[in-house]
Structures are given as structure tokens and as C-alpha cells.
Undergrad: 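Starting off with a structure, shown below.
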Amino acid sequence: MVRLGVNIDHVVTVREARRTFEPDPVSAALQCEEAGCDGIVCHLRKDRRHINEKDLYGLKQKVRTRLNMEMSVDPEIVDIACRARPDQATLVPENRREITTEGGLDVAGNFEKVRDVVGRLSSAGIEVSLFIDPEPEQAAASKKAGVNMVEFHTGRYAEAFNAGGDHMKELGCLRDMSAAAIEEGLVVCAGHGLNYRNVTPVARMNGMYELNIGHSIISRAVFVGIKEAVKEMKGLLA
Ligand code: PXP
């Protein structure tokens, strides 16, 4: 069965809308685990619009499945990651003005920088994954940068699906890239924009290891509660 990582950033988006103490991301993470998720994902951004260091340490202490910290290659954030030691770090591009992570990391274009950060995080005992667009040169550069795992950005597929466009073309591209990356010996994950309607074809891809999903699960949680929202998504991955 494909693993489910739940991104809890948007629990904190609600908290930060009031700069207050609730809802608490650690409690949310524990409920997601009780509901059967396989990992918790959080993104420590430079602007701290979601979690902050205190949240990160709280999650590190309490998460029993697997803590996957999304992060940029910014030196301050890399230092924090090396101190906090999540189980996994996923390197993503980060741009202050974006609403959410737009596109994958340009590993080929920033090869030395990415390779150095992969080396530092790996030396700290953290497994590293790279969030990349489903493009051959990015997968090849990722392998060369020293990771064993990549996460393909599913945004183009999700947007095409939601807009009633040609999502089969994007799905085919994801499928081909996943097969090629697995052939190269990489563990393949995927995420971004996946929801209860569009997730199944991605979950059914041969060899898909894990899907990381945030916005849709937290949105559904508003209506049915976070445990039920996670259970429903897990059911679709079965
Ligand atoms: N994976 C990565 C690397 C991401 O940056 C994000 C968004 O923070 C997600 C998965 C989850 O995306 P969504 O919130 O659209 O499900």
C-alpha cells in the first residue's frame, strides 16, 4: 500500500491568522497518526508563515511515525534542520511571494549547492529527498547529488485534472518519469495538489512509495474532523 504523509502546515496557517496558540500542530499530528498516516510533513519557511522552530522540536519529540521536514537550501534553515534532526528532509524551492511551493527544485541548475546541502544533512543522519518536476534532467541530477529518494511535483497533473483539461498527458509523464527513476534505483514519492478526487491514478502507479498531501486533507478536516479526513484518504490509497 502506498504510504501517506500528512502535511500539517495548514493547521498552523489557521493559528498564525490570529498569532495565537490554537490549533496546535503537534496535537493535529498525533491525531493523524492515530488515524493511520505513515508520516508527518511540515515546512519550516524562512518567513515562518507555517511552523516555527518550537513546533519543529515539539513534532520531533512527539511524532512516532516519521517526521519529514520540507525546507529550502537556506543556510539558517539547514543549521536548524541539522540541530532538530527530523527523520527526513525534503529540499524544495522557496520564494517569499509564492502562495505555495511553485514547481520543483532546479537541482540541475543549482547542482553544487544542492549536493553540498544533501551532504550536510546526510552527515547529520537525516535521510534526504528532493522535490523535483517530473523531468529527466532533474531526476538524473538528483541521483548525482547523492539522494536515494525524490518526490515528483504533481501540480501540473492536479491542475489539469481540476480544470477538466488533458490530465492524462501529465499522468503519463509522471508515470514515465517514476518508472525511469525507479529503474535508476531511486525511491519515488509524489505530492502537491492531490485531493480526494484526483489521487487514485497517482496512488496506483507502479512502485509509488509515498504521497504527501496537505491542503485537501486539512480542508476536509474542517467538515469531518482530522482523523476521519486522514482515514478517508488512507482508504483511497489502499
Ligand atoms: N510535497 C511538497 C514537497 C510540498 O511542498 C507540498 C506543499 O507544501 C506538498 C507535498 C503538499 O501539497 P498540498 O498541500 O497541495 O497537498
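Worth saying up front: this structure is predicted, and the values here are computed from it rather than measured. Indexing begins at 1, ligand by ligand and atom by atom, following the structure's order.
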Undergrad: May I ask you to decide if K143's main-chain N or O and E184's side chain share a donor-acceptor pair within less than 3.5 Å?
TA: no
Undergrad: Pick whichever of E151, H192, H43 has a heavy atom sitting closest to atom 1 (N) of ligand 1.
TA: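 Heavy atom nearest to atom 1 (N) of ligand 1 belongs to E151.
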Undergrad: Purely on distance, is any nitrogen or oxygen of H215 under 3.5 Å from one on ligand 1?
TA: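 Yes, since at least one N or O of H215 sits under 3.5 Å from an N or O of ligand 1.
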Undergrad: For D79, is there an ion pair with R120 - N to carboxylate O distance below 4.0 angstrom?
TA: yes
Undergrad: Heavy atom under 4.0 Å from ligand 1: found in E70's side chain, backbone, both, or neither?
TA: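 Under 4.0 Å from ligand 1, E70 contributes side-chain atoms alone.
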Undergrad: Would a distance-only check, ignoring hydrogens and angles, find a side-chain to backbone donor-acceptor pair under 3.5 Å from N110 to D106?
TA: yes
Undergrad: Report yes or no: does N162 contribute a side-chain atom to a donor-acceptor pair with the main-chain N or O of E159 at less than 3.5 Å?
TA: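 Checking the backbone N and O of E159 against the side chain of N162, no donor-acceptor pair under 3.5 Å is found.
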Undergrad: Give the ring-plane orientation class for H50 versus H10, where under 30° counts as parallel, over 60° as perpendicular and anything between as tilted.
TA: perpendicular
Undergrad: State the atoms of ligand 1, each with its element, that fall below the 4.0 Å cut-off from a heavy-atom position in N212.
TA: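 By the 4.0 Å cutoff, the relevant atoms are 10 (C), 11 (C).
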Undergrad: Under a 4.0 angstrom heavy-atom cut-off, which atoms of ligand 1 come close to V92?
TA: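 Heavy-atom distances to V92 below 4.0 Å select 3 (C).
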Undergrad: Short question: side chain of Y196, backbone of A229 - any donor-acceptor pair under 3.5 Å?
TA: yes
Undergrad: Any non-hydrogen atom of G193 lying under 4.0 Å from ligand 1?
TA: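 Yes, G193 has a heavy atom closer than 4.0 Å to ligand 1.
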Undergrad: Ignoring angles and geometry beyond distance, decide whether G214 reaches within less than 3.5 Å of ligand 1 through its nitrogen or oxygen atoms.
TA: yes
Undergrad: Below 4.0 angstrom from a heavy atom of N7, which ligand 1 atoms are there? Numbered from 1 as shown, please.
TA: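 Result: 8 (O).
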